[in-house]
Amino acid sequence: MGELLELTASEAIERIRKRELSDDEYFEAYREAAAGDPLNAYLWLAPENHEQGNREGPLAGAPVAVKDIFCTEGVLTTAGSRILEGYRPPYTATAVRRLSGQGARLLGKTNMDEFAMGSSNENSGYGAVLNPWDPGRVPGGSSGGSAAAVAGQMAPWAIGTDTGGSIRQPAALCGIVGMKPTYGAVSRYGMIAFASSLDQCGPLTRDVTDAALLLSALEGRDPHDSTSVGIEGGIKLSGREDLKGLRFGIPRELAVDAEGIEAGVQEVFDRTVALIEGLGGEVDECELPHSPHGISAYYVLAPAEASANLARYDGVRYGIREPSEDLVGMYERTRAEGFGDEVKRRIMLGTYALSSGFYDAYYGQAQRVRTRIAEDFDAAFERFDFVITPTSPSVAFELGARTDDPLAMYMSDYCTVPMPLAGIPAISIPAGLAEPDGGGPELPVGFQIAGPAFSESGILDAAYALERAIGFDAVPERVSR
Amino acid sequence: MSGLEAVIGLEIHVQLATRTKMFCGCELSFGDHANVHTCPICLAHPGTLPVTNERAVIYGLRIAAALGCEVAPRSIFHRKNYFYPDSPKAYQISQYDFPLAGPGELGGIRVHRAHLEEDAAKLIHVGESGRIHGSGASLVDFNRGGTPLVEIVTEPDLRSAAEAREWAQLLRATLRQLDVSNVNMEEGSLRVDANVSVRPEGSGELGTKSELKNMNSFRFLERGIEAELERQRELIAAGEEVQQETLHFDPSDGSLTPLRSKEYSHDYRYFPEPDLVPMVPTEEMLEEARRDLPEPPAARRERYVSELGVSEGAAATLAFEPAYGEYFERAMGAPGGGSAAATAIWVTGELVGSLRQADAEEEPLASKATPEAVRALAGLVEEKKISNGAGKQVLAALVAEGGDPAAIVERDGLGQISGSGELEAIVDRAIEAEPEAADEVRKGNPKAIGRIVGAVMKESKGRADGDGVQKLILERLGQG
């Protein structure tokens with residue numbers, strides 16, 4: 001069975017198609033692995049022989065783990081929050097419908113930081129998720145459950161959401177591939193909103209081929225989401241194995257001059273850059289002068305949108321309700337009880353930023369910074385096909401290490417926040433192992449490749465070639481058994 | 001109290017009569033069971049997204065065109081944040097600094113803007129007061145939640161309660177003929193709030209205003225503003241200041257009570273709605289909005305008076321009530337019959353009266369009395385072929401059974417009998433029957449003639465021409 005779980009999803013789908021593997025057997029193998037979940041990666045697991053929809057299509061027979069932020073009709077959906085405890089949505093998210101429509105089978109709903117707010121998965125209302133490489137460390141967040149499930153061989157692949165790095169950073173910390181598509185590539189309908197202008201659904205997979213397959217199933221214009229457009233021409237992998245003629249820019253602000261990048265991470269990054277050159281790619285430094293302000297702008301805009309998006313959790317129609325003498329009391333008690341500290345912190349931040357008299361100084365200013373960041377990328381892409389950075393400044397950190405210091409936690413997304421602000425796609429692929437600063441076990445390091453809007457196929461092509469050159473095949477020790 | 005001028009601006013919410021809601025596919029309804037027209041979107045379930053109703057945009061553009069507003073080439077939706085159970089998302093999707101339509105004008109009153117938004121759900125407060133204070137519980141009916149609304153805001157150009165009422169009626173008439181709303185104040189598809197202030201006559205500055213809500217008829221609108229102007233004038237006369245506040249009009253006793261500031265004073269924290277893309281009306285949409293735009297009622301009233309010689313009152317009815325206006329237009333399209341002035345009187349007087357008597361909601365064009373027949377009837381009376389009284393009988397017959405007026409006159413023997421020997425005989429019999437009145441007339445008291453005329457009319461069944469009868473009686477009594 002161990003071997004079965006080592007297959008990539010694409011390999012398994014191929015075997016199922018050739019009838020070398022029974023889809024039920026494959027599903028049950030994962031269901032069993034997930035049932036023994038030692039990482040708290042799942043919040044809900046499909047029951048045995050869970051009969052589901054279409055069993056044909058390009059994903060036929062592949063179980064998929066779904067971040068608990070996606071609504072699934074009749075199936076528990078909490079977005080990692082106590083305020084939605086017991087909530088069973090009356091409808092299913094478009095992304096999930098697309099997957100099941102193409103033959104994928106819902107394996108389970110994965111744990112996450114509450115309402116996707118966090119970089120360590122310690123903000124879940126249902127307990128932290130543990131990193132399969134070292135259960136004393138975080139898997140990253142907010143799609144930490146999805147990342148841990150895929151890396152821990154409890155799911156062949158998964159979907160997550162990325163607002164400021166929530167797919168790429170946990171993928172990096174867990175040693176798997178994670179991609180945030182262009183804003184508008186995948187429908188947000190049924191994806192519980194954190195920051196609507198930034199949120200985007202994407203794949204977390206074992207390799208680049210799987211990422212391309214899963215993304216091609218996800219993307220597409222959805223009449224239920226006015227901001228969705230899909231990816232024109234779909235996703236095409238050329239299978240090229242070199243990087244000849246491609247230009248890679250290393251932004252000084254996010255790599256060379258960035259503070260806080262761990263030595264081990266830097267070393268893996270430098271080694272990967274050398275591999276790119278070895279494959280014929282051109283590498284040079286570039287500038288994204290406003291990107292260092294990304295975190296500041298992000299922590300105004302995202303909480304501002306969140307303060308409105310999370311206002312609907314008022315105890316009136318669904319989720320928990322804490323009774324009180326009057327309406328305002330009920331609102332206050334329900335929200336005090338249902339939301340965790342980080343969510344409350346961001347609601348307060350966002351409410352303040354939008355308040356009369358402060359709007360222009362905060363929200364307005366942050367929007368202007370956002371525009372500048374996007375313009376920086378536009379300028380960089382005139383000279384370069386891609387921009388490359390370490391995905392995360394550090395490898396997976398220990399549980400509790402940053403929980404008392406929100407700013408240190410926010411800096412985990414330093415390299416991933418500028419891309420969603422600009423709306424552009426980016427992938428993180430595992431590039432090697434490194435020790436944390438100050439010593440410790442060897443842990444995965446992610447390498448980020450970002451490109452212009454709707455350049456997903458190009459990014460995946462480059463990542464595919466690089467992936468082969470890197471030859472990352474490490475799996476967590478406890479998983480390899 | 002003189003010396004203080006009223007300054008009034010109106011904020012009007014118009015429910016659009018689209019098939020579905022503003023941002024989801026639920027059907028609109030009125031008076032259905034609670035919460036049957038709902039879906040995950042209008043109940044604000046997690047993860048749902050709004051999608052703008054294109055019909056609502058076209059209806060909004062149509063209203064903008066009728067009000068002569070400039071249409072914004074690009075407008076955006078904002079979120080207006082407030083916690084209340086009638087707002088399931090805890091924000092209303094509305095428009096803020098980039099509305100659908102900018103300045104316009106109607107009937108000499110400037111329109112500031114018109115924008116699209118969604119209606120709130122309906123709260124039903126269980127308890128004696130019917131209002132939230134003192135109620136035991138509040139129920140929410142989400143059927144109305146998400147109904148498309150156009151909010152129209154005027155400049156503070158109105159100078160009296162009566163003028164405000166008249167303008168609101170003109171607005172309703174204008175909107176009604178666009179076929180975009182039921183514009184019914186009692187049902188709430190037309191809601192008019194008033195911003196009211198006073199200032200010294202001749203002053204160019206604005207006084208502190210109060211906002212009046214819940215005036216759900218034109219009569220109440222006028223009464224509410226009247227009462228508030230009175231209150232503000234008294235305050236100022238007493239040396240006090242007007243406070244900016246929102247007042248709730250109570251139709252049962254005409255009183256105005258301040259709403260608790262906690263309920264309605266908000267920092268709405270407007271910001272652009274990230275779930276919707278900017279609204280850029282296409283050339284096709286603009287064309288559809290302008291297509292077949294009916295003549296504005298104000299222009300129509302003016303045309304009827306100045307070009308057709310219709311009386312002011314009849315012209316107003318025809319212009320403000322599109323169904324009668326269209327009926328009149330059809331009548332005037334008939335090959336012959338009465339003049340426009342006479343036909344207008346018959347349509348707006350007798351026809352309106354008898355239709356209302358028959359069934360308050362009956363459409364004139366659905367009546368058995370065709371426009372051609374009513375115009376022909378007006379012609380018969382105008383040419384003195386039948387008397388006015390006989391005309392009323394013919395109209396009643398037309399409404400009841402339809403047909404041709406001349407044939408009804410023939411059948412019922414309603415032809416005018418003035419000047420004939422038959423009339424003289426009837427007059428003589430009437431004088432004989434009313435000897436006291438006849439004596440009075442002979443003595444030079446013409447007022448006493450009424451009883452004799454009445455007797456003649458009774459015997460002639462209204463077929464006699466009133467003026468001719470009077471003349472004949474006076475002649476017979478030596479007073480001619």
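Atom set for the values below is all heavy atoms of this structure, side chains included, hydrogens, waters and symmetry mates excluded. To find a chain, count down the sequence lines: A is the first, B the second, and so on, and within it residues start at 1. Quick caveat, the model's predicted, so the values are computed rather than measured.
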Exceeds 12 heavy-atom contacts within 6.0 angstrom, atom [atom1] of [X]:
| X | atom1 | result |
| --- | --- | --- |
| A:Arg97 | CZ | no |
| B:Tyr96 | OH | no |
| B:Glu54 | CD | no |
| A:Lys344 | NZ | yes |
| B:Lys209 | NZ | no |
| A:Arg372 | CZ | no |

What's the shortest heavy-atom distance between [X] and [Y], and which atoms?
| X | Y | value |
| --- | --- | --- |
| B:Pro88 | A:Arg317 | O-NH2, 2.9 Å |
| B:Leu276 | A:Thr227 | N-CG2, 4.5 Å |
| A:Tyr359 | B:Pro272 | OH-CD, 3.4 Å |

So which of [options] has the largest heavy-atom pair count under 4.5 angstrom toward chain B?
| options | value |
| --- | --- |
| A:Asp314, A:Ile192, A:Leu84 | A:Ile192 |
| A:Ala93, A:Pro90, A:Ala79, A:Pro223 | A:Pro90 |
| A:Leu310, A:Leu198, A:Asn309, A:Val316 | A:Asn309 |

Please round to the nearest 0.5 Å and tell me the distance separating atom [atom1] of [X] and atom [atom2] of [Y].
| X | Y | atom1 | atom2 | value |
| --- | --- | --- | --- | --- |
| B:Met279 | A:Ser226 | CE | OG | 11.5 Å |
| B:Phe83 | A:Arg335 | CZ | CZ | 4.0 Å |
| A:Asp222 | B:Leu49 | CG | CG | 8.5 Å |
| A:Ser307 | B:Phe271 | OG | CZ | 6.0 Å |

Given that the side chain runs from C-beta out, which part of [X] has a heavy atom under 4.5 Å from chain A: side chain, backbone, both or neither?
| X | result |
| --- | --- |
| B:Tyr270 | backbone |
| B:Asp275 | both |
| B:Tyr91 | side chain |

Tell me, side chain or backbone of [X] under 4.5 Å from chain B's heavy atoms, or both, or neither?
| X | result |
| --- | --- |
| A:Thr351 | both |
| A:Tyr189 | both |
| A:Tyr313 | side chain |
| A:Phe115 | neither |
| A:Asp199 | neither |

| field | Validation row: B:Pro46, A:Tyr318 side chains within 4.5 angstrom (heavy atoms) | value |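 Side chain of B:Pro46 against side chain of A:Tyr318, heavy atoms only: contact under 4.5 Å found.
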
| Evaluation steps, side chain to side chain contact (heavy atoms under 4.5 Å, CB included), between B:Arg269 and A:Ser356 | CA-CA 6 Å; B:Arg269 292 176 282 116; A:Ser356 163; over 6 Å; no

| Side-chain (A:Tyr91) to main-chain (B:Thr48) donor-acceptor, under 3.5 angstrom |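 Yes; at least one donor-acceptor contact below 3.5 Å.
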
| message | Is it the case that the side chain of B:Arg79 and the backbone of A:Ala308 share a donor-acceptor pair, with hydrogens and angles ignored and the cut-off at 3.5 Å? | response |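 Absent.
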
| request: Give me the ring orientation class for A:Tyr87 and B:His45: parallel if the planes are under 30° apart, tilted from 30 to 60°, perpendicular past 60°. | output: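 A:Tyr87 vs B:His45 ring planes: parallel.
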
